[in-house]
Amino acid sequence: MKPWAGVIAAYRSRLALPDDAPDLTLLEGNTPLLRSAALHESLAGNLQIFFKYEGLNPTGSFKDRGMVVAFARALARKASVCVCASTGNTAASAAAYAARARLRCIVLLPGGSIARGKLAQAAMHGARIVSVSGPFDNAMRLAQELAAQRPEIELVNSVNPYRIEGQKTAAFEIADTLGDGPDFHFLPVGNAGNITAYWKGYREYAEAGKIACRPRMVGFQAGGAAPIVEGRPVSDPQTVASAIRIGNPASWKGALAAAEESGGWFGSVTDDEILDAYRFLARAEGLFVEPASAAGVAGLRKEVARGRIPPGSRIVITLTGHGLKDPDMATCIAPPEPISIGPTLTELLAVIEA
Ligand code: F0G
């Protein structure tokens with residue numbers, strides 16, 4: 001078997017990418033599609049549930065798939081700087097690929113909390129980090145304005161179609177592994193690029209005759225930041241899941257089309273439901289994800305309880321980012337409280353038998 005060489009090498013013929021774009025890679029993609037160990041047992045209906053564990057990408061989130069393609073195209077058109085607005089993961093990924101591709105990187109972060117792991121990544125990779133007051137949507141607008149004015153600057157948010165091209169490869173991988181599309185695909189939705197990209201991937205695979213089943217796309221937002229569910233922008237989005245704290249998603253239209261064309265829908269889950277799923281994934285599945293990544297699992301639990309998922313359905317849930325991205329949330333939910341002992345077996349036995 002040929003060693004994995006990244007999403008451009010694996011899927012180049014299916015990506016709308018200029019021929020002179022280089023084979024840039026940090027060996028992103030090829031992430032595990034893991035059968036659930038416990039979730040299906042806790043739910044009715046004998047469901048077949050798989051997790052697409054995107055936290056195992058090089059920078060710890062699904063963003064790397066799209067970023068590598070956006071940077072390959074930026075290199076082809078000789079851009080020298082990249083900019084993005086981000087709740088953290090896009091920034092971390094852009095900073096890493098900018099380092100690899102030797103571009104300058106500017107990241108615009110919303111005021112308030114960005115998970116510490118993501119900030120550390122952006123800083124380590126040498127990005128210029130700018131905090132923009134107000135919600136994410138302000139930073140997003142500013143990034144678009146800057147890129148529109150300066151041709152040497154590449155905007156690497158998912159409004160850049162090359163990002164979507166790269167991210168659709170996750171759907172290809174799922175279909176390649178299962179031999180077909182699943183019945184349902186659940187995922188968290190923030191700026192709405194990822195649901196748009198997955199649907200593009202499944203659609204293209206169906207058109208190419210590679211799959212017969214196109215999944216219903218089911219997107220979940222956090223209750224305090226659910227503009228698509230409510231049908232209007234949210235001016236002050238609030239949720240513990242900082243990655244998806246977005247009130248006016250850039251790819252809103254693409255997300256609506258994905259749900260409509262696939263027969264899917266959008267829903268919202270509360271912060272408590274998100275944190276419950278976050279804990280469950282870590283404790284019962286051995287999967288440490290960041291809070292936003294648990295929204296799809298919380299969403300599936302809700303829809304099963306409502307009776308919207310037929311028994312025996314095959315379901316894929318994307319786990320979008322790694323738990324180490326947000327160490328503060330983890331230590332808040334499960335405070336590490338070591339029990340101190342001296343170096344004797346007697347004391348150790350006393351502790352474990354207590
Ligand atoms: N999960 C995680 C961990 C994310 O970081 C994001 C988005 C999403 C889900 C939602 O994906 O935006 O394509 O609908 N993070 C962006 C960022 C906004 O800046 O890192 P989406």
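Keep in mind that this is a model prediction, so the values were computed, not measured.
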Modelled atom types, side-chain donor and acceptor of [X] and [Y], under 3.5 Å:
{"X": "Gln167", "Y": "Asn194", "value": "yes"}
{"X": "Asp326", "Y": "Tyr278", "value": "no"}
{"X": "Ser293", "Y": "Glu290", "value": "no"}
{"X": "Tyr198", "Y": "Thr318", "value": "yes"}
{"X": "Glu285", "Y": "Tyr53", "value": "no"}

Assess whether atom [atom1] of [X] is packed by more than 12 heavy atoms of other residues, nucleotides or ligands within 6.0 Å.
{"X": "Arg77", "atom1": "CZ", "value": "yes"}
{"X": "Arg102", "atom1": "CZ", "value": "no"}
{"X": "Arg128", "atom1": "CZ", "value": "no"}
{"X": "Arg283", "atom1": "CZ", "value": "no"}
{"X": "Arg12", "atom1": "CZ", "value": "yes"}

With the threshold set at 4.0 Å, does a side-chain nitrogen-carboxylate oxygen contact exist between [X] and [Y]?
{"X": "Glu204", "Y": "Arg14", "value": "no"}
{"X": "Glu154", "Y": "Arg73", "value": "yes"}
{"X": "Arg65", "Y": "Glu173", "value": "yes"}
{"X": "Asp276", "Y": "Arg301", "value": "yes"}
{"X": "Lys200", "Y": "Glu165", "value": "yes"}

Donor-acceptor contact below 3.5 Å, side chain Ser61 vs main chain Lys63: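 The answer is yes, because a donor-acceptor pair under 3.5 Å joins these two groups.
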Asn248 side chain vs Pro233 backbone, donor-acceptor pair below 3.5 Å: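 No; zero donor-acceptor contacts below 3.5 Å.
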Working for side-chain hydrogen bond (donor to acceptor under 3.5 Å, both in side chains), residues Gln121 and Lys325: CA-CA 9 Å; Gln121 288 178 289; Lys325 292 273 190 177; 2.7 Å; yes
Joint hydrophobic cluster, Phe62 plus Val289, side-chain heavy atoms closer than 4.5 Å: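 Per the 4.5 Å side-chain linkage, Phe62 and Val289 are not co-clustered.
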Parallel, tilted or perpendicular: ring planes of Phe288 versus His322, cut at 30 and 60 degrees: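 Phe288 vs His322 ring planes: perpendicular.
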